[in-house]
Engineer: 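Attaching a single structure in structure tokens format; questions to follow.
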Amino acid sequence: MYLLEMNHIKKSFDGQGVLKDISLAVAEGEIVSIIGPSGSGKSTLLRCATMLERMDSGELLYLGEKAAWNGPDGTAVYAGKEKQKEIQGNYGLVFQNFNLFPHYNVLKNIIDAPIHVQKRKSEEVIREAYDLLRKMGLEDKAEAYPCQLSGGQCQRVAIARAIVNEPEVLLLDEPLAALDLKMRKDMQMELKEMHQKLGITFVYVTHDQEEALTLSDTIVVMSEGRIQQIGTPTDIYNEPINSFVADFIGQV
Ligand code: ADP
Ligand code: MG
């Protein structure tokens, strides 16, 4: 059974097709990278997959359970709000711009939602938060504010915040794009280690071909709202299915 399944997803903005019949299945425990040029629809796909954005039509399943499907008129119908929330509770999200609260310190950024939204016990959440901060080399930054941290440190806080809830799947949208090359390489290694340690599924959006080749079990190449190819890094690199994929990967 797949963890996440997306079937025939379509989405337009102002009459412009942004996702044109996307089908993709993510197996438990794998790192799937979605790569493609800017504007190819990667973020929209991630937002539709996590129900932050409504798709026009298509089917979404989480562990075989339907989160959305096509109604009689062919447009998407979503499961009730409670069910959506329950499914979304399995997701951890990390965005390029970190989205940390500037007026909260590091610790509060990590523990606020688990305590106030998910109503988890604060002692337990605080203990886990410190544990994560230690793992990420940020134990002395718990009281610091985001403006006092480097880009890489902010990104680690954003990742800690996403994984404190022990999500089944971590969805990352160009999480390293704002970092310089050296920091990116370090964070790539850290993410890979974290994936091995935590054993959770990663869906990783990037426009960086090399990053995708380094990190992934499966690569999904997108262009203009369509999937061009899905395969292992070796498949994609050695046997690109068309000239777009060849050119795009060939730039590495
Ligand atoms: P990527 O993440 O691959 O760079 P996006 O999914 O962000 O691509 O965007 C794909 C296309 O959809 C772009 O042309 C973008 O301008 C358009 N788009 C994305 N979000 C919106 C929106 N909320 N309203 C209108 N157009 C949008
Ligand atoms: Mg994007």
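The shown structure was predicted, so the numbers you read here are calculated from the model rather than taken from an experiment. Counting starts at 1 for both ligands and their atoms, in listed order.
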Engineer: Give the atoms of ligand 1, by number and element, whose distance to some non-hydrogen atom of Pro37 is under 4.0 Å.
Structural biologist: 3 (O)

Engineer: Kindly confirm or rule out an N or O of Val18 lying under 3.5 angstrom from an N or O of ligand 1.
Structural biologist: no

Engineer: Are any non-hydrogen side-chain atoms of Tyr130 and Leu107 less than 4.5 angstrom apart?
Structural biologist: yes

Engineer: Could you list which atoms of ligand 1 come closer than 4.0 Å to a heavy atom of Thr44?
Structural biologist: 5 (P), 6 (O), 9 (O), 19 (C)

Engineer: Can a salt bridge be assigned to the pair Arg184 and Glu210 using a cut-off of 4.0 Å between side-chain N and carboxylate O?
Structural biologist: no

Engineer: Heavy atoms of the protein only: does one fall short of 4.0 Å from atom 3 (O) of ligand 1?
Structural biologist: yes

Engineer: Return the closest protein heavy atom for atom 23 (N) of ligand 1 as residue, atom name and distance.
Structural biologist: Phe13 CE2, 3.6 Å

Engineer: Count the heavy atoms of every other residue, nucleotide or ligand shown that sit under 6.0 Å from CD of Glu124, and state whether that count exceeds 12.
Structural biologist: yes

Engineer: Give me the protein N, O or S atoms that fall under 2.8 Å of the Mg ion (ligand 2), sorted by chain and residue number.
Structural biologist: Ser43 OG

Engineer: If you count the non-hydrogen atoms of other residues, nucleotides and ligands that lie under 6.0 Å from OH in Tyr78, is the total more than 12?
Structural biologist: yes

Engineer: More than 12 foreign heavy atoms under 6.0 Å from NZ of Lys66: is that the case here?
Structural biologist: no

Engineer: Ion pair present between Lys135 and Glu193, side-chain N to carboxylate O less than 4.0 angstrom?
Structural biologist: no

Engineer: Taking the minimum heavy-atom distance to atom 7 (O) of ligand 1, which of Gly17, Ser43, Gly39 ranks first?
Structural biologist: Ser43

Engineer: Is there a polar contact, in the sense of an N or O pair closer than 3.5 Å, between Asp14 and ligand 1?
Structural biologist: no

Engineer: Do other residues, nucleotides or ligands put more than 12 heavy atoms under 6.0 Å from the CD atom of Gln16?
Structural biologist: no

Engineer: Heavy atoms of the protein only: does one fall short of 4.0 Å from atom 15 (C) of ligand 1?
Structural biologist: no

Engineer: So for Gly41, does at least one of its heavy atoms come nearer than 4.0 angstrom to any atom of ligand 1?
Structural biologist: yes

Engineer: Taking atom types as modelled, find out whether Glu168 and Asn90 have a side-chain donor-acceptor pair closer than 3.5 angstrom.
Structural biologist: no

Engineer: Nearest 0.5 angstrom please: Tyr204 OH to Leu170 CG, how far?
Structural biologist: 10.0 Å

Engineer: Ser38 heavy atoms, cut-off 4.0 Å: which ligand 1 atoms fall inside?
Structural biologist: 4 (O)

Engineer: Would you call Gly225 a ligand 1 contact, heavy-atom distance under 4.0 Å?
Structural biologist: no

Engineer: Answer yes or no: is there a donor N or O on one side and an acceptor on the other, between the side chain of Arg54 and the main chain of Ala76, under 3.5 Å?
Structural biologist: yes

Engineer: With rounding to the nearest 0.5 Å, note down the distance linking CD in Gln155 to CG in Leu100.
Structural biologist: 8.0 Å

